[in-house]
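Single-structure report; data block below.
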There are 2 protein chains.
Amino acid sequence: MARPQSVDDEDLIARLSCVFRDTGYEGASLALLAEASGLSKASLYHRFPAGKQQMADEVLAAALAWYGANVIDPLKGDAPPAEKLAAVAKRLNGFYSGGRQACLLNVLAAPRAEPGPFSTAIKGAFQALIQAFAQVAQQAGFDTEAARARAERAVMLLHGSLVMSRGLGSSRPFANFLANLSGDLLDGAAQ
Amino acid sequence: MARPQSVDDEDLIARLSCVFRDTGYEGASLALLAEASGLSKASLYHRFPAGKQQMADEVLAAALAWYGANVIDPLKGDAPPAEKLAAVAKRLNGFYSGGRQACLLNVLAAPRAEPGPFSTAIKGAFQALIQAFAQVAQQAGFDTEAARARAERAVMLLHGSLVMSRGLGSSRPFANFLANLSGDLLDGAAQ
DNA sequence: AATATAATACCGAACGATCGGTATAATAAA
DNA sequence: TTTATTATACCGATCGTTCGGTATTATATT
């Protein structure tokens, strides 16, 4: 029916995602986004009529969808806890490029005043991830309360290790987090 | 011999700090900085001839100085470990407003490409904090390696809890971090 | 005490550049 | 031709920055 896209949607979102993750929402200028995507500003507005906000929205939505399919859902499966965590760790390592790429949940977080444009999506993502980890901990024998505490710690360690890896310019903190994830979440289980 | 300042340096830095912590470097426009400081844009340039970059530099330097005096140095004293950690936790709670204010080390971190304007200062700050925590863990009986691992975990939990508190719009994760800090760093010590 | 001088702090207005966004026209495939 | 994609050009607004000039103080001189 028409002329084909020079960059398909998936590639486009991925390239835009890099810019937002590297520079944040304010730092991601249309010039940068256009350069990274290989499209002109006008073409970006053809693909995202609502502009920069829509680009960030869709980038965030794609990241959350990836997380759902590659982290949340697998964690809710009925494989052995340690096995699930090992698989998730491997996928997280790819998603965050070994700690070299930041997390959108951090970089798009609202400035102090609560209701930023991404707040509710970010809040929901944190809760979903915590709940998924908690389920694994519970599966391993912890009671509801202890499992939730373990899960929150795991999410804190994930984001803390990303911040630290970026700050130190080293992938080691993130790699350590991945290596210890299973132990942090499961060690000392009742069963 | 001269007209007095309408805002003294300390206040000025504190007010600018809030803007940078809330909005990041790119998000902190001169308009916002002027409004928050009570000075005009032109007056800000009188106080900081090198402009926005200098403002951020001095804000960061002030934060690191505070950290040195209120966290690093106390942790290196010879009081009992748990006692030192309790005092530091109280101070951190104030510094981060119970988790409602972000950390400059996160918000000013370099975008992917290593050498941002703040990279070396941020890297040094992380290393100093890790080392201070490690010293406490060592004092409590851990060997060098274990102490360092504990310290890195503590710093990861600090920043992770801040990211999570902001994302969830709740001070609870940060409060939990502070409550568990002493245990996370010291529990299971050899001695 | 009164006045001039010097020094510093401050601000309104404007700079060029870039921001996000929008037309309109050319191009490429069906 | 028809239709979607892309490119050029442009818009008002805001960006960080600079400049001319004013306010407010202390000191020096009378």
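In what follows, every heavy atom counts, from backbone to side chain, and hydrogens, waters and symmetry copies are set aside. In what follows, chains carry the letters A, B, and so on, assigned in the order in which the sequence lines appear, proteins first and then strands, with residues in each chain numbered from 1. Values in this document were obtained by computation on a predicted structure and should not be read as measured data.
- You'll find that the side chain of Lys41(A) is closest to dG20(C), out of dG20(C), dG16(D), dC10(C).
- Between Tyr45(A) atom OH and dT24(C) atom P the separation is 18 Å, expressed in whole Å.
- For the residue pair Arg153(A) and Asn176(B), no side-chain donor N or O sits within less than 3.5 Å of a side-chain acceptor on the partner.
- Ser40(B) has no side-chain polar atom (N or O) that falls below the 4.0 Å cut-off from OP1 or OP2 of dC10(C).
- Rounded to whole Å, the distance from CD on Gln53(A) to C1' on dG21(C) is 14 Å.
- Regarding Leu33(B), its CG atom lies at a distance of 14 Å from the C1' atom of dT14(D), rounded to whole Å.
- Comparing Ser43(B) and Leu30(A) by the nucleotide of DNA chain C whose heavy atom lies nearest to each, the residue mapping closer to the 5' end is Ser43(B).
- Nearest-nucleotide mapping onto DNA chain C: of Gln5(B) and Ala42(A), the residue sitting toward the 5' end is Gln5(B).
- For His46(A), taking side-chain heavy atoms from C-beta onward, the closest of the listed nucleotides dG12(C), dT5(D), dA23(D) is dT5(D).
- Judged by distance alone, the side chains of Gln138(A) and Thr144(A) do bring a donor and an acceptor atom under 3.5 Å apart.
- With 3.5 Å as the limit, one finds a donor-acceptor pair spanning the side chains of Gln54(B) and Glu58(B).
- Aromatic ring orientation, Tyr67(A) versus Tyr96(A): perpendicular (interplanar angle above 60°, classes split at 30° and 60°).
- Relative to the side chain of Ala31(B), the nucleotides dT6(D), dG21(C), dC15(D) differ in distance, and dC15(D) lies closest.
- For Phe177(A) and His159(A), the ring centers sit 6.0 Å or farther from each other.
- If you check every strand for non-hydrogen atoms under 4.0 Å, Ala34(B) touches nothing.
- The interatomic distance linking Arg3(B) (CZ) with dT5(C) (C1') rounds to 18 Å, in whole Å.
- Among the nucleotides dG20(C), dT6(D), dC10(C), the one closest to any side-chain atom of Ser29(A) is dG20(C).
- Residue Lys52(B) places its side chain closer to dG16(D) than to any other of dT6(D), dC19(C), dG16(D).
- Under 4.0 angstrom from either OP1 or OP2 of dC10(C) there lies at least one side-chain N or O belonging to Ser6(B).
- When the P atom of dT22(C) is taken as reference, atom CD of Gln54(A) falls 12 Å away, rounded to whole Å.
- Rounded to whole Å, the distance from CG on Asp9(B) to C1' on dC10(C) is 15 Å.
- Rounded to an integer number of Å, the gap from Glu35(B) CD to dC11(C) P is 14 Å.
- Protein atom CZ of Arg47(A) is 18 Å distant from nucleotide atom C1' of dG21(C), rounded to whole Å.
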